[in-house]
Every structure is written in structure tokens, then in C-alpha cells.
Q: 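Right, I'll just put the structure down here and ask away after.
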Amino acid sequence: MDELKKAILDYVVHEYLDEDGDETITADTQLISGGIVDSFSMVSLKRFLEKKYAISIPDRDASPEAFDSVTRIAALVQRLQQGK
Amino acid sequence: MAYSDEARASYGRDLEAIREAGLFKEERYIRSPHAANIEVEYPAGAAGRTVINFCANNYLGLSNHPEVVAAARAGLDRRGYGMSSVRFICGTQDIHRELEERLTAFLGTEDTLLFPSCLDANAGVFEAILNEQDVMIADRLVHASIVDGMRLCSAARDTYKHGSLAHLEEKLQEHQDKRYRLIITDGVFSMDGDLAPLAGIVDLAEKYNAMVFVDESHASGFIGRTGRGTHEHCGVLGRIDIITTTLGKALGGASGGCVSGRREIVELCRQRARPYLFSNTVAPVIVSGALKVMDLVQASTERRDKLEANTRFWREGLTRIGLDIKEGDSPIVPVMLYNAKLAQDVARDLYGEGIYAVGFFFPVVAKGQARIRTQLSAAHEMDHLERGLAAFETVGRKYGILGKNKDEIKDMYGL
């Protein structure tokens with residue numbers, strides 16, 4: 001789980017934070033409700049997860065709530081990997 | 001009853017939630033034509049009050065220019081009030097085509113198609129030319145109407161960090177398997193007032209075989225040496241595949257927009273773009289006024305030169321009195337306050353000083369990025385600008401923010 005979270009966190013930092021910004025985030029930082037990721041740019045995160053972990057995330061699971069922190073995203077990935 | 005008590009109560013709760021979040025929008029009634037000074041009734045029912053307008057998109061001061069008004073009036077007499085039709089049934093007059101040709105020449109493109117608004121142009125263009133084999137790669141700060149247009153299109157969507165050529169290049173590499181790649185950006189970004197790095201974008205587009213789309217709504221008429229837009233400013237005239245822009249800002253400020261660009265793309269919009277096909281034609285009176293606007297902006301650069309001088313004076317003045325502004329070249333000058341309540345309080349106090357400017361905060365801008373967006377106009381005279389600066393100095397002093405940077409303002413007011 002920790003490795004999974006780290007990979008997702010690394011992607012989020014690279015994909016969404018400014019290179020020269022002073023912002024730091026953790027696995028529990030609120031991404032959507034915190035205004036770091038919006039629904040418009042969330043699509044690249046979904047595509048990254050689907051490709052890297054060979055899963056398909058149904059629209060009903062790709063909710064702002066499920067994507068609101070790295071911890072929640074990791075839980076979603078794990079659940080889908082287990083075929084639940 | 002179809003509109004049930006439950007529905008009414010539910011909508012009421014939604015409105016209350018908007019109010020509680022401090023996001024409730026109220027209109028202010030203006031009792032005069034647009035100019036540097038406007039008469040405003042605010043709050044509703046209050047006596048009218050003359051204030052200096054620093055929040056209009058009236059960049060060239062043409063919204064109430066006597067020659068534009070006279071041309072519109074003459075157009076009303078010659079071509080009537082309404083067309084009662086969409087363009088392709090019986091809604092196209094000779095002057096519609098004439099305006100399209102004038103815009104094509106001005107923007108340096110191959111062809112142009114008028115839309116009821118630029119929002120409609122952005123809503124219609126993507127689905128007219130792209131499908132699921134393609135990808136749209138947009139700057140993350142593009143206008144909401146572009147986001148909506150992208151959502152209506154079946155092509156894959158992606159975004160890149162605002163203004164980042166390095167991130168855009170990564171995305172272009174990632175999507176080399178697609179049939180067409182379309183890079184999408186604003187020319188001038190409406191909230192930050194900064195310009196897209198169009199020269200770099202066009203170079204990347206050529207390197208990675210992509211097309212380029214630019215929304216020039218906050219640029220057409222005044223950005224670039226002769227006001228043709230961001231592509232002129234960046235030295236890439238003729239290298240942009242699709243431009244959308246509006247007649248509702250610098251170019252007369254009434255309404256109407258267009259898609260301008262490669263001939264086949266424009267023609268496909270004429271055949272397929274739903275806001276063009278299913279919405280009424282731009283009224284003859286607007287087209288007539290816009291033709292005069294094109295005469296004025298092409299006859300002289302005097303108005304855009306004055307706007308540029310006003311912008312320089314305003315940016316230097318705000319910096320001199322110690323306010324934190326977003327750097328840039330455009331007449332959109334955000335005064336950064338970071339805290340949403342502070343932005344609202346400063347805007348209210350500015351109004352008390354006779355200055356009309358509006359605070360913007362999340363979700364319109366990112367959290368912790370609240371600001372007062374000021375916009376300059378060629379209609380502003382030096383006296384307006386000096387009074388505006390004096391008001392900002394008075395209000396800035398009241399809140400203790402003069403000479404303070406982001407961290408210091410954050411320490412005083414929080415984010």
C-alpha cells in the first residue's frame with residue numbers, strides 16, 4: 001500500500017504542482033476540495049491510474065470524493081485490482 | 001403540481017448554500033452607457049452614483065463610440081432589427097459575409113464564421129472537427145466556455161500546467177498515437193492577464209504534428225503592435241490554425257463571436273457546429289456597428305497605443321504605492337490580496353471611494369489567490385487613473401497591505 005501511495009503521490013506532485021511553487025502535499029492532502037486538482041484536469045490522473053495499474057475505473061467510481069486524496073485513490077486502485 | 005414544494009425547498013437550500021459560501025452574485029444596475037465614468041444604482045433602489053469603471057472589457061473605449069453608435073443606427077434603418085432565422089435558412093445578409101471577410105483579413109487567417117457569441121464558438125468548434133481518434137490538450141486556465149466545448153466533444157481530453165511548455169511537450173509525446181492533436185489555449189488569460197507563450201507553443205505544434213487553437217477574446221483589437229492579437233505580439237501571425245474571438249469586449253462590446261482559421265475547419269463549423277446551426281443569426285444592428293469598429297481599429301493604432309500607455313501608467317502606479325500585482329503586459333491587472341474576505345472588503349471600500357472594481361476568489365480563481373481584477377481602457381483619461389490610484393492607496397493603507405508581499409498578507413489575513 002505504501003509503495004502504491006508513493007507512486008500516486010509522485011505522479012500528483014509532478015502533474016499538478018508548480019515546479020517553482022512552495023506547495024507541499026501528503027497522502028492525506030485534499031486534492032479536489034483543496035483546489036489542487038479540478039474535475040477538468042482530473043482526467044489525466046484517471047488515465048495514469050488505468051494505464052499503470054491495468055484497471056478500468058468506471059465513471060461511478062471516478063468521483064471527486066474518491067479522488068480527493070492519495071490515500072483514497074490508493075484504496076480505490078486496490079479495490080479495483082482485487083476485482084471488487 | 002409539477003413544481004413541487006420539495007423542489008422549491010431544495011432549490012432554496014441550494015441558493016442559501018451559495019450565499020453562505022459567500023459566492024452569491026448580485027447584479028448592479030448601470031443607468032448610463034459604458035464609459036470611464038458610469039452611473040450605478042447599488043444596492044438596488046439606491047440613488048444613482050457616478051463611479052470610475054475599472055472592471056469592463058471595454059478595452060478600446062468603443063462600446064459607446066459615436067461613430068459605432070451611428071453605424072449601428074444606420075444599419076438598423078438599412079437592414080432592420082431582426083432576422084428571425086438561423087444563418088443557413090434566411091439569416092445571412094450581405095453584411096454578415098462582409099464582416100467575416102473583414103475579420104479574416106484582420107486576424108490573418110483563411111476564413112471566418114460568425115457565431116452568436118464566442119461562448120457559442122467555443123461550444124461548437126471542437127465537436128465539429130474532432131472525434132474519438134483525436135486528443136485535445138488544453139492549458140489548465142482556459143476559459144470556462146472552452147472547458148464546456150471540450151466536454152461536448154468525443155475526442156480524448158488532457159491538460160497541461162498553465163503556460164508550461166515543458167509539460168505541454170510531455171503531453172504531446174504521450175499522445176503521439178492519436179490521429180490529430182489540438183493544443184488549446186487562451187491568448188490572454190482573463191484572470192491573470194498574462195499571455196500564452198504562443199511562439200513556443202507553435203514550435204512544439206510543428207515538432208509534434210499538432211494543431212493550435214487560441215481564444216483571443218481578451219486580445220483582439222489591442223494586443224500586438226497593430227492590435228491583431230497575441231499571435232501578432234508573439235510573431236506567429238498565419239501560424240495559428242483556429243482562432244476564436246468576441247465582438248463583446250474590445251471590438252465594440254455588444255455581442256457576437258467567431259471561429260476564424262483554416263478554410264476547411266471554418267467550413268466544417270458552418271456544416272456541423274450546433275450553436276451556429278441552431279441559434280439565431282447575429283442581429284444586423286450589431287454587424288453594422290462591428291463593421292465600423294473594424295474601420296476604426298484598422299485605420300489607426302491610436303486607441304490601442306493609448307490603452308498600452310494607460311496600462312503602463314497603472315501598473316507602475318500600483319507598484320509604486322506598494323500593492324502586489326501580477327506582472328504582465330496586458331490591460332488586465334490583478335491586485336493580489338490572497339484572502340477572499342479581504343478581496344471583498346477592499347472592493348467594497350473602493351466602491352465607497354468611487355472606484356468600481358470586483359473581487360475574485362475561489363472557485364473563480366485558485367484557493368488562496370483572491371484578488372481585485374482591474375481592467376484598463378482607452379476611455380480612461382489620466383485623471384481617472386490618478387483618482388483610481390489614490391483610492392487604492394487610501395484603501396490599501398486602511399488594511400495595512402501597502403508594501404506587503406504574499407507571505408506578509410497571508411500572515412495578517414490568512415488564506
Side-chain angles (χ1 to χ4, degrees), chain A residues 6-73 76-77, chain B residues 21 23 122 126 135-175 177-178 184 186 191-192 194 338 340 360-370 405-407 410 415:
Chain A
K6 185 180 178 312
I8 298 169
L9 185 63
D10 286 349
Y11 178 81
V12 169
V13 168
H14 175 78
E15 178 69 13
Y16 296 106
L17 298 194
D18 285 337
E19 292 94 351
D20 51 359
D22 48 8
E23 204 167 16
T24 53
I25 62 166
T26 70
D28 295 315
T29 301
Q30 292 182 324
L31 301 177
I32 311 277
S33 50
I36 294 167
V37 182
D38 60 33
S39 59
F40 178 50
S41 53
M42 205 175 89
V43 64
S44 54
L45 175 56
K46 179 172 181 276
R47 186 160 42 232
F48 162 78
L49 298 169
E50 290 183 326
K51 198 168 169 188
K52 182 166 175 75
Y53 300 107
I55 53 175
S56 171
I57 305 176
D59 285 348
R60 67 174 181 279
D61 286 329
S63 64
E65 292 76 28
F67 274 63
D68 205 26
S69 70
V70 168
T71 300
R72 287 189 187 189
I73 296 165
L76 174 67
V77 170
Chain B
L23 301 173
N122 289 339
F126 304 119
V135 64
M136 306 171 282
I137 307 172
D139 185 291
R140 288 202 176 133
L141 292 190
V142 291
H143 190 259
S145 60
I146 292 177
V147 175
D148 289 352
M150 290 172 68
R151 286 188 165 133
L152 290 169
C153 176
S154 62
R157 296 196 303 265
D158 209 339
T159 58
Y160 62 95
K161 292 178 195 177
H162 176 53
S164 171
L165 292 174
H167 201 215
L168 171 60
E169 184 162 18
E170 280 180 31
K171 299 291 184 170
L172 287 165
Q173 288 166 347
E174 186 184 332
H175 293 292
D177 59 332
K178 303 294 192 301
I184 299 171
D186 289 359
M191 283 298 144
D192 285 12
D194 57 334
Y338 305 103
F360 289 94
F361 39 89
F362 184 77
V364 177
V365 295
K367 273 196 177 158
Q369 291 289 313
N405 63 26
K406 178 185 176 183
D407 289 337
K410 200 166 71 178
L415 284 185

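Each chain gets a letter, A, B and so on, in the order the sequences are listed, and its residues count up from 1.
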Q: Do Glu15(A) and His167(B) have side chains that get closer than 4.5 Å, going by heavy atoms?
A: yes

Q: If you count the non-hydrogen atoms of other residues, nucleotides and ligands that lie under 6.0 Å from NZ in Lys52(A), is the total more than 12?
A: no

Q: Using non-hydrogen atoms and a 4.5 Å limit, figure out which bit of Ala166(B) sits close to chain A: side chain, backbone, both or neither.
A: neither

Q: Specify the closest pair of heavy atoms between Val43(A) and Asp158(B), including all atoms of both residues, with the distance to one decimal.
A: CG1-CA, 4.4 Å

Q: Provide the closest heavy-atom pair for Ser33(A) versus Lys367(B) in the form atom of the first, atom of the second, distance.
A: O-NZ, 2.6 Å

Q: Looking at CZ of Arg151(B) and OG of Ser39(A), how far apart are the two atoms once the value is rounded to the nearest 0.5 Å?
A: 4.5 Å

Q: Measuring heavy-atom distances to chain A, does Val365(B) have an atom under 4.5 Å in its side chain, in its backbone, in both, or in neither?
A: neither

Q: Relative to chain A, which segment of Asp148(B) carries a heavy atom at a distance below 4.5 Å: side chain, backbone, both, or neither?
A: neither

Q: Measure the spacing between CZ of Phe40(A) and CG of Leu141(B) and express it to the nearest 0.5 Å.
A: 10.0 Å

Q: For Arg157(B), does its backbone N or O pair with a side-chain atom of Arg47(A) as donor and acceptor, under 3.5 Å?
A: yes

Q: At a 4.5 Å cut-off on heavy atoms, which part of Ile36(A) comes close to chain B: side chain, backbone, both, or neither?
A: neither

Q: Under 4.5 Å between any side-chain heavy atoms of Lys171(B) and Ser44(A), yes or no?
A: yes

Q: Could you tell me which non-hydrogen atom of Lys161(B) sits nearest to which non-hydrogen atom of Tyr16(A), and how far apart they are?
A: CE-N, 4.1 Å

